[in-house]
Amino acid sequence: MRWIRPLSARTEESAETVGAKAHGLVALHRLGLPVPAAFVVTTEACRAFLRAGCLPDGLDEELATALGDLEAATGRRFGAARTPLAVSVRSGASVSMPGMMNTILNLGLTAEAAAGLAAETGDARFALSSRLRFLSTFAAAMTGTDLDGMPTGTSAEDEQARLATAIEAVQQLVRRRCGRAIPDDAARQVELAVETVFSSWDTPRARTYRELHDIPHDLGTAVIVQAMVFGNRDDRSGTGVAFSRDPNTGENAPFGDVLFGHQGEDVVSGRSLTRPLRELADREPAVWTALIDALRRVEGHYRDACYVEFTFQAGELWLLQVRPGRFAGGAAVRVATDLADERMITRHEALLRVSVQHLRYVRTPRLAASAKADILARGVGACPGVAVGRVATTTDAAVRMAADGPVILLRPETSPHDMRGLAAATGIVTARGGPASHAAVVARAMGKPAVVGVNGLVVDDASWAAGERTFGEGTLITIDGTSGEVALGSPRLTTGTAGAQLRRLLAWADDVSGDHSERAEIQRLSAAHAALRRA
Amino acid sequence: MTENDLLVLHALRCVGWSGIARVAATTGLDEPTVESELIDLAVAGLVTRSPGVFGAWGMTDAGRVADAERITHELESAGARPAVTAEYERFLVLNPELLDLCTAWQLRPIDGVMTVNDHSDPSYDARVLGRFSALDQRAAVVCAELSAALPRLGRYRPRLYEALDRAASGELDYVADNLGSYHTVWAELHEDLLATLGIPR
């Protein structure tokens, strides 16, 4: 085939041709890990589309053939009324960027196929909510807007009636906004989805991102079409994200979020109540064991801490994405020295993996363990560091109060609407969401201490409650973005726990540079980098 | 109610608790007029002033109800709902790009680590501002349509233009930092569109 490559352990193409995500999936295949059957439409097809303004000749036949292969691999039929095959369609450029279409889930669930899925599983609610997810993600892709405004149906007493109403509302929204309906034909859906991904390469937002980050406009994106696994299938299903090591501290312990009974995008959006990854060990021990084994194997392959996205369906684990973890600050130092100690990388490689920028963030303060701190609540540390400030419960209040001293923004969750408050705040606390939620990502991007997923935290208009106690706006609190603790007042702090690893790393640096004189840490590391790059 | 008192009341709906200067900036009215309107609105029980050194004006529950009624009436009597809805949807496409640009203005990746932009690299700043201008040209089309549909919404365009103009001539806090900044005015417009269309956050 000219425009399409099946994804398997034998796929030889470069990340430039198949995109970074597909390249990661090939690595997972080679490690013998479970990956749902998939194929990729190449970046070359995207470039042909961008030149001509339409899908290249022959691609439609290739799509039909490749979907036939997915049918053969899964024993299901695409768009059929009996044992229907559903697929996800994802963009996958060699570099990821905002503004591009991200993911369409459950594609192929036409009205007829959804009815077939309901009959097959005996679970009409599951089939309808899967179809709604397909239509919502497709609508978001076609209209270029976030899911925020998508109809979810009003809370009818009957769940199925609610889903049916929401399905109708999404279809109406697309007809009105796009002047055409979402086709109820699976083959046409997949062509339109591929076209939509390709077009999204050139959205103004994506172009802006590329301009800002020196990414050439002519790379194009690949498209991954993959057999669906359903995290919303039953109560032994779910989805999650996992780091092989703790991205806050670098500690060699798996870290992440799991969401039982849901599909992928719910974890990343931070809108749903995720659970700490550890809970998987109790609820689905076989999935946990398989996941830990997978994390060990991907670390061995990338020779680095890694990040994976996974789904489990009826107690069976599937991996959907992998990439190196890209840790910062003290976590980067810890991972580099630990990996060298584990003989996974050399000491020289360890030195090269820690940038001077990382050193600037190493000495992260913590709440002193001995301090008689009044701990109000605990959540997940999402960005290390301690912040002390007065509580603001809205973005407006945060901006207003920040003029008068440091502010901690305390929210049920955050959305892009809270950027102003996030920027004004010194620290961030959210009741919902996990380490990949919007608040966590933004906080890390801004280097602001953050605690997310604080159970028992209730945020009202100008008051908030932790456990049994209620407080007003303006209360002075301290948050520790490493441990996830939220304390009343300003208890005593301590500095830096990466000290031991950092001392060792810098001793290696001096060995490389041959200079053992007293100097600043950054100079010691820079001298080693210079010596290694000369060598 | 007069035209001005709705402007003042609705400003508090869009920007939250604020001082007279901010309401004046938002409404385009002068400060004595704003203060006089606020006092009348307070007598009517629609707004209130929080005590203290950082005292600010804000809406009462009754004010919120009255504002929603009058804003909806204004929208429906002008028959502007379809047009404002359509432009709001266009605004939603631009909004994430604006947030990307604000982020790029505040932070830039150095060696893979997001680092505070200290504005010591004029070429980087110029590149970001250049993209702001490109976005602004597309936003101008939306603003013009909004203004045609509902004249009250016409006040955002000059404020956005002014913010970018001042940023380009070196007043860097007019991008995302101060209360007249592009980002602040943009967020007010966003809130105003939600309030006008009665869409909950």
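Everything numeric in this text was worked out from a predicted model, so none of it was measured.
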Quick check for you: to the nearest 0.5 Å, what is the distance between [X] atom [atom1] and [Y] atom [atom2]?
{"X": "Phe132(B)", "Y": "Thr208(A)", "atom1": "CZ", "atom2": "OG1", "value": "10.0 Å"}
{"X": "Arg131(B)", "Y": "Arg210(A)", "atom1": "CZ", "atom2": "CZ", "value": "9.5 Å"}
{"X": "Leu212(A)", "Y": "Asp100(B)", "atom1": "CG", "atom2": "CG", "value": "8.5 Å"}

Heavy-atom pair of closest approach, residues Arg127(B) and Glu211(A)
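Taking Arg127(B) first and Glu211(A) second, the nearest heavy atoms are NH1-O, 2.9 Å.
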Could you check whether any side-chain heavy atom of Arg400(A) comes within less than 4.5 Å of a side-chain heavy atom of Ser18(B), counting everything from C-beta outward?
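No, side chains not in contact.
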Heavy-atom count around Tyr124(B) OH within 6.0 Å, excluding the residue itself: above 12?
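Counting other residues, nucleotides and ligands, OH of Tyr124(B) exceeds 12 neighbours.
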Would you say NE2 of His73(B) has more than 12 non-hydrogen atoms from neighbouring residues, nucleotides or ligands within 6.0 angstrom?
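Check fails, neighbour count at 12 or below.
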Restricting to side-chain contact (heavy atoms from CB on, under 4.5 Å), what partner residues turn up for Pro412(A), sequence neighbours left out?
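Pro412(A) satisfies side-chain contact (heavy atoms from CB on, under 4.5 Å) with Arg432(A), Val459(A) once adjacent residues are dropped.
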Could you tell me which residues satisfy salt bridge (charged side-chain N to carboxylate O under 4.0 Å, His left out) with Arg64(B), sequence neighbours excluded, listed by chain and number?
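With sequence neighbours excluded, Arg64(B) shows a salt bridge (charged side-chain N to carboxylate O under 4.0 Å, His left out) to no residue whatsoever.
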Go through the steps for Val15(B) and Asp396(A) under the test side chain to side chain contact (heavy atoms under 4.5 Å, CB included), then give the verdict.
CA-CA 7 Å; Val15(B) 304; Asp396(A) 278 339; 5.6 Å; no
Go through the steps to decide whether Glu97(B) and Arg207(A) satisfy the test salt bridge (Lys or Arg N to Asp or Glu O under 4.0 Å), and finish with yes or no.
CA-CA 10 Å; Glu97(B) 189 180 344; Arg207(A) 291 193 73 87; over 6 Å; no
